[in-house]
Structures are given as structure tokens and as C-alpha cells.
Amino acid sequence: MKKIIGLLKDWTSLATGLIIGILALQVVLVREGVILYWLEGLCKSNDANDLYLAMLGAAASQASSAGVVVVFGLSAQP
């Protein structure tokens, strides 16, 4: 497992390619009907779920930025 993690850390383009490949495979499988598209009900809703999902996306973006700032801030202290 450490060897795989080390390979992904050294070859970031390989990791990016794997992620893109997995997402492309998921799109193909959803379009072919092999995997059910479970978010379809949320995409077509017109009630409070739309607002909740929009707020959730913004909160996730802000939280990830804050996490990066905290990690770099703590690592810079002696």
C-alpha cells in the first residue's frame, strides 16, 4: 500500500488520469443504465433542497480553503 501511495505522490499526473478515468467510466455506466442515477430526484426538485444543496456546495468550498490555510499555518510555526 505504501508503494502505491508513493507512486501516486511522485506521479501526480497518473493520479489525475486515474480520477478522470474513473469519472468517465461512471458517466458511461450511468448513461447506459448499469448504475442508477440517484441524484435525479434532487436535480428536478423545486423546493428547499435546491437552496440547501447550493449552500452545501459553498460551505464545502470554504471549508476546504480554510483547512489548507490551517495546515500551512500550523506547519510554519517553529
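Here, residue 1 is the first one in the sequence, and each next residue gets the next number.
Applying side chain to side chain contact (heavy atoms under 4.5 Å, CB included) to Leu23 and the options Leu25, Ile19, Val27, Ile20 leaves one that passes, Ile19.
With sequence neighbours excluded, the residues that form a side chain to side chain contact (heavy atoms under 4.5 Å, CB included) with Leu18 are Leu8, Leu14.
Under a 4.5 Å side-chain heavy-atom criterion applied to ILVMFWY residues, the cluster that includes Val28 comprises that residue alone.
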